[in-house]
Amino acid sequence: MQAEGGGGMKGIVKYKEGKGFVELREVPVPNPGQKEVRIKVEYAGICASDLHILNYDIAITIKPPVVMGHEFSGTIDHLGSGVQGWHVGDRVVAEATYQVCGTCRYCTSGFYNLCGNRKVLGYWYNGAFAPYTVVPAQRLHALPPEISFQQGALIEPTACVVHGVCELITIESGDVVLVTGPGAIGLTALQIAKASGANVIVSGTAEDRARLGIAKSLGADTIVDVSTEDLNKRVNELTAGVGVDVVIECAGNDHAIRSGIEAIRKQGQYLQLGLLGRSMELRFDALVYKEIKAVGSISSRNISWKRALELVRRGQVHPEALVSHPHALADWENAFRLHAEKKELKILFKPE
Ligand SMILES: [Zn+2]
Ligand SMILES: [Zn+2]
């Protein structure tokens, strides 16, 4: 798997365990092994987890030196042996999950996102922050002609939101849904909730003002800036004191988590998509008193990708609304900083 090929290219590499240790360096162009394909990367997106790889504070296993990048689109440029059903020139996207054990209870029940031996592209296997990457043919999905390569690079995060919002909770038409945190994940959750017929409130802080504006243009029924407005007062006004049916927490901060638990109605559903990265204080008894159904969501599955592609193809989710201009790989330090400082919503690299 992931044999080294002829020739060189430049990729963004995490080259050592610990904080930092990332650089743009020369790496061999990979050759696909059995049942693998090589992809010419068109666009690759920076994920919040890439900053965690840089800072080395993530619970997913990393094997440096490794080319980073797991959200991307591209064109098949070389087939390994034994690959069937794919051709050179096919426009594709590929799941971040590279390898799973295939035999545990999660793998055999279709929830391989939870496999204890899951190994991820851009963490364990050389990823897409380079002109070429190699993935197992089994993880490919065809990119329909209606979906651009830029949109395609955002199918991975869209599929992660689909897994949580469409597969782990249920949104009924007319439900009031609160999405906390208008980042790329929150704005995608908003669009999927709208596609399910929900009435959606999106909350954020003063520094999210521009993002709350994007939420409005993507169909949010109500936006709340919690630095100037009382979220629970607004929720009570909008729901006649009942509370929201569903909370989708995408901010990953204690304040948003607490106000989400407070805003939810009795027997409401709570979905945690944001990662806090540390412990916090919470009145957990609220789950008992309100009979809240709470669930977390990690990564995505094959079916999540099919649903994500269909939502984008039909124009119900607009990933392109999150993208500004693409960056060169050589500009990676600046691009990572813009992401960390929330200067841009979704940053794409265009590897050359
Ligand atoms: Zn990601
Ligand atoms: Zn497994």
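Counting starts at 1 for both ligands and their atoms, in listed order. We're numbering straight along the sequence, starting at 1. Here the structure is a predicted model, which means the values were calculated and not measured.
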### Message
Holding to side-chain hydrogen bond (donor to acceptor under 3.5 Å, both in side chains), I want the full list of residues that pass it with S299, two or more places apart in sequence or in another chain.
### Response
R118
### Parallel, tilted or perpendicular: ring planes of Y125 versus Y98, cut at 30 and 60 degrees
parallel
### Query
Would H163 and N113 count as a side chain to side chain donor-acceptor pair (under 3.5 Å) if you check the C-alpha gap in whole Å, the side-chain angles of each, and the deciding distance to 0.1 Å?
CA-CA 10 Å; H163 175 57; N113 56 310; 3.3 Å; yes
### Query
Any idea how many protein N, O or S atoms are nearer than 2.8 Å to the Zn ion (ligand 1)?
3
### Task
Have a look around the Zn ion (ligand 2) and list protein N/O/S atoms under 2.8 Å, or say none.
C101 SG, C104 SG, C107 SG, C115 SG
### Query
Has R139 got its NZ or CZ under 6.0 Å from the middle of the six-membered ring of Y112, at an angle within 45 degrees of the ring axis?
yes
### Query
Thinking salt bridges, do R265 and D175 make one under a 4.0 Å N-O criterion?
no
### Query
Do K194 and D221 sit within salt-bridge range, that is, some charged N less than 4.0 Å from a carboxylate O?
yes
### Task
Using the salt bridge (charged side-chain N to carboxylate O under 4.0 Å, His left out) rule, take R337 and E341 through it: C-alpha gap first, then chi angles, then the decisive distance, then the call.
CA-CA 6 Å; R337 186 181 50 76; E341 291 172 357; 3.1 Å; yes
### Message
I'd like to check the salt bridge (charged side-chain N to carboxylate O under 4.0 Å, His left out) partners of K14; sequence neighbours left out, ordered by chain and number.
### Response
none
### Message
Angle between ring planes, W305 versus H141, binned at 30° and 60°: parallel, tilted or perpendicular?
### Response
parallel
